[in-house]
Amino acid sequence: MFEQSQWVWMDGEIVPWMDATLHVSCHGLHYGTGVFEGIRCYETDSGPAVFRLESHLQRFYASASTYGMQIPFAKDELIEGVCELIRQNGFSRCYVRPICYYGSKSLTLSPSKCPVHVSMLAWPWDSYLGSIGVTKGVHITVSRWTKFHSSMMPSAAKACGQYLNSILALREAVSEGYDEALLLDHAGRLCEGSGENIFLVKNKTLLTNDERHSILLGVTRDAVITIARDLGIKIEVRALTLKDLVSADEAFFTGTAAEVMPIRAVDGRDVGTSARGPVTEAIQRRFFAAVGGREPRYKKWLHFVAGAPSGESAVHVLETKGAE
């Protein structure tokens, strides 16, 4: 995964990948005391463009604030850091991971004496659930692990330690032959995938949940809602049940890593026709056009990286239904 990555941004400096290390007494390593973001940079005709960089960094700062962490860099410094990282690595498209964490000073539970560090790394990463999944859809399972309630941990924050919940669910799903896990809340309602928000389609209406249901409010989720409205698709935000899922005409995940990923089956039961549906496909096409810089109305979502390698715009091949 990291073979092409040569440089890392650490506390304001670009350092060689092999030198980007920390001490084993780092508080974040022991207790998961850190927050992070996942950001994609796409190839466009005008050069590399980072998708919704401002929105991701806004959530980055909000997550840190929730945990009482003061990020020791201004947002503009991080924006330039992301761009410099992409330039130095020579990437035309990649995934960017900013992380803020407590360093080495004390291993008491309270990290108040520990310094706060910020690092960013980047690497080429295709669709998280595979390019075939983009067109054919993925097979998921309902996890036996429950998503933690927002009264237990702040589900609106993207924090390192919180992802143990998702890791348990995903590892079990993959070990049983599924592509992804779906977590439910304490009342048995749908929450989200291990790292994705979920959408259903019923009678051409788009259904999804929100922060009232202990989910992380995804940046891609927000973009998809905007795209759906622009396409004239009716949207309903409410609690979702397993009955809603198994009776849906279509379903899909959204996320920075997963992008827009159709769900074809749940625990061996087909969703709709077990193929990417027309609403999902329309949203996918508009989304990939937007991130590839081919939709003028969404240019505001792109932060172009000056001085970086340019190439042909990213085009995701969306096969017609039934094609091999």
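In this text the structure is predicted, and so the values were computed from the model without any measurement. Nothing fancy with the numbering, it's 1 onward along the sequence.
Looking at L302 and Y42, their side chains never come closer than 4.5 Å, going by heavy atoms from C-beta outward. Looking only at side-chain heavy atoms (C-beta outward), V116 and I71 stay at 4.5 Å or farther from each other. Residues L184 and L242 are in side-chain contact: their nearest non-hydrogen atoms beyond the backbone lie under 4.5 Å apart. Here the side chains of L190 and L182 are in contact, with some heavy-atom distance below 4.5 Å.
Remark: the E250 side chain and the T280 side chain contain an N/O donor-acceptor pair separated by less than 3.5 Å. Remark: the S46 side chain and the T44 side chain contain no N/O donor-acceptor pair separated by less than 3.5 Å. For the residue pair S112 and S110, a side-chain donor N or O sits within less than 3.5 Å of a side-chain acceptor on the partner. For T146 and H186, the side-chain atoms include no donor-acceptor pair closer than 3.5 Å. Side-chain polar atoms of E84 and Q88 form a donor-acceptor pair below 3.5 angstrom. For S194 and E180, the side-chain atoms include at least one donor-acceptor pair closer than 3.5 Å.
Looking at R87 and E80, a side-chain N of the basic residue comes within less than 4.0 Å of a carboxylate O on the acidic one, giving a salt bridge. Taking the charged nitrogens against the carboxylate oxygens, D179 and K136 have no contact shorter than 4.0 Å, which rules out a salt bridge.
Here the CD atom belonging to E172 is positioned 7.5 Å from the OG1 atom belonging to T141, to the nearest 0.5 angstrom.
Listed for the K202 side chain is no donor-acceptor partner under 3.5 Å among the backbone atoms of L207. A donor-acceptor contact shorter than 3.5 Å links the side chain of R59 to the backbone of L217. With N209 contributing its side chain and H213 its backbone, the two residues share no donor-acceptor pair below 3.5 Å.
Ring orientation note: the planes of H27 and Y31 are tilted relative to one another, at an angle of 30° to 60°.
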Can you give the donor-acceptor pairs under 3.5 Å from side chains of residues 4-14 to other protein atoms, not counting sequence neighbours?
unit_1, atom_1, unit_2, atom_2, d
S5, OG, A122, O, 2.6
D11, OD1, V118, N, 2.9
D11, OD2, H117, ND1, 2.8

